[in-house]
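These figures come from a predicted structure and were not determined experimentally. We name chains A, B, ... by the order of the sequence lines, and we start the count at 1 in each one. The basis for the numbers below is simple: all heavy atoms, side chains too, and nothing from hydrogens, waters or symmetry mates.
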There are 2 protein chains.
Amino acid sequence: MAAPLDPQMFDPMCPSSALPFQIGDKWTGMIVLCLEGGPRRFGELKVPLHGITSKVLAQTLRAMERDGLVTRTVYEENPPRVEYELTPLGRSLLTLIAAARAWSREHLPALLQARRAHDAAADPSR
Amino acid sequence: MAAPLDPQMFDPMCPSSALPFQIGDKWTGMIVLCLEGGPRRFGELKVPLHGITSKVLAQTLRAMERDGLVTRTVYEENPPRVEYELTPLGRSLLTLIAAARAWSREHLPALLQARRAHDAAADPSR
DNA sequence: CAGTATCCGTGGCGATACTG
DNA sequence: CAGTATCGCCACGGATACTG
């Protein structure tokens, strides 16, 4: 589980923002996926979550900790090291996320096509 | 499918707002459930969606129509009658919603308890 | 009955700067 | 490295009033 996270694990071209559902806050679902393979450090999480700011990542992790989805472990070293790990409860979300991804694979293209068709009918100029 | 919708089908005491996931916008998931049993009229939908305003309901239904989740049928009568019905695509969300509800039944109590415990540890006074 | 029009409060999220 | 502190935008959605 020491393999580094793939910086491209969340393809910027993936229209996931069009999904008709969301896990927790904007980043929660992606964080859960990042932690699937084992504990990860704060800075390690920032890599695939391209563009997330420290503030928002910390904020999201605090909320997840509060809800018992992750544990936060501080190692008294220098420089400091902090690791986040999924709890069994957080891990239980993985099945739900898998279901959501399965739905997307199967139905999201149809949704996007319906949207384009609708928009084209409303404004044929573009 | 002519049976009226149960005004209490969404229990105000149900902590569904604490769910770590959401289907579409705030009301989308509930609307899908309301339409599960067949077509419903605009005013009919407002009953179980206690407190939703006409504006927001119309807005949400427009977005769902755009994404191909529901169809909108106007009957040229007086007074006007408009019916909304799930498309096969919209109906495909039902399995996902069922999965979300199953997760909630099984894990939401643990999440809420973790939250209470965390809050109590942070501020023992309350 | 089935909406539309207008106004507006709140919160989620990002940008930037700073720190033990 | 792993955050916190501030500032601010703006989209979501609620309140109210009006209409074919």
J.: Check C34(B) against L49(B) and note the closest heavy-atom contact, atom names and distance.
T.: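 Taking every non-hydrogen atom into account, SG-CD2, 4.3 Å.
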
J.: Contact between L35(B) and E85(B) at the side-chain level, heavy atoms closer than 4.5 Å - yes or no?
T.: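 No - every pair of side-chain heavy atoms lies 4.5 Å or more apart.
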
J.: Are M64(A) and L5(A) co-members of a hydrophobic cluster defined by side-chain heavy atoms under 4.5 Å apart?
T.: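 Same hydrophobic cluster.
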
J.: Between OG1 of T60(A) and NZ of K26(A), what distance do you get to the nearest 0.5 Å?
T.: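 Spacing of OG1 (T60(A)) from NZ (K26(A)) equals 10.0 Å.
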
J.: K46(B) NZ to dC1(C) P: how many Å, rounded?
T.: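 Value for this atom pair: 9 Å.
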
J.: Who is the Watson-Crick or G-U wobble partner of dG13(D), with both distances under 3.5 Å?
T.: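 Pairing partner: dC8(C).
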
J.: Can you tell me how the ring of Y84(A) sits relative to the ring of F42(A), calling it parallel under 30°, perpendicular over 60° and tilted otherwise?
T.: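 Ring orientation of Y84(A) relative to F42(A): tilted.
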
J.: Where along residues 64-79 of chain B does a heavy atom come under 4.0 Å from DNA chain C, residue by residue in number order?
T.: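 Heavy-atom cutoff 4.0 Å gives R72(B), P79(B).
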
J.: Nearest 0.5 Å, what's the CD1-CG distance between I23(B) and L33(B)?
T.: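 One gets 9.0 Å once the value is rounded to the nearest 0.5 Å.
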
J.: Rounding to a whole Å, what distance do you find between R62(A):CZ and dA2(D):C1'?
T.: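 Distance, rounded to whole Å: 9 Å.
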
J.: Under a 3.5 Å limit for both distances, which nucleotide forms a Watson-Crick or G-U wobble pair with dA2(D), could you say?
T.: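 Across all strands, the one nucleotide that pairs with dA2(D) is dT19(C).
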
J.: Tell me, for nucleotides 6-20 of chain D in 5' to 3' order, what letter each nucleotide earns: B for a base near a protein heavy atom under 4.0 Å, S for only sugar-phosphate near one, - for neither?
T.: BB-----BBB----B

J.: dA2(C) C1' sits how many Å from E83(B) CD, rounded?
T.: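 Checked: the CD to C1' distance equals 13 Å.
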
J.: What is the distance from CG of L57(A) to C1' of dC1(D), rounded to the nearest Å?
T.: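 Rounded to the whole Å, the gap is 13 Å.
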
J.: State whether a side-chain donor-acceptor pair under 3.5 Å links S54(A) with K46(A).
T.: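 Side-chain D/A pair, S54(A) to K46(A): present.
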
J.: From OH of Y84(B) over to C1' of dA2(C), roughly how many Å is that when rounded to an integer?
T.: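 Atom OH in Y84(B) sits about 8 Å away from atom C1' in dA2(C).
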
J.: Does any N or O in the side chain of D67(A) come within less than 3.5 Å of the main-chain N or O of L69(A), such that one atom is a donor and the other an acceptor?
T.: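 A pair under 3.5 Å: no.
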
J.: Please determine if E83(A) and R81(A) form a salt bridge, counting it only when a charged side-chain N lies under 4.0 Å from a carboxylate O.
T.: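 Answer for the salt bridge query: yes.
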
J.: Give the rounded distance in Å between these two atoms: NE2 of H50(A) and P of dC13(C).
T.: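 Rounded to the whole Å, the gap is 15 Å.
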
J.: It should be established whether R41(B) places a side-chain nitrogen or oxygen under 4.0 Å from OP1 or OP2 of nucleotide dA2(C).
T.: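 The answer is yes; a side-chain N or O of R41(B) sits under 4.0 Å from OP1 or OP2.
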
J.: In whole Å, I'd like the distance from the CG atom of L45(B) to the C1' atom of dA2(C).
T.: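 Going from L45(B) (CG) to dA2(C) (C1'), I get 12 Å.
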
J.: Mind calculating the distance between CZ (F42(B)) and P (dA2(C)) to the nearest angstrom?
T.: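 Going from CZ in F42(B) over to P in dA2(C) covers 8 Å.
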
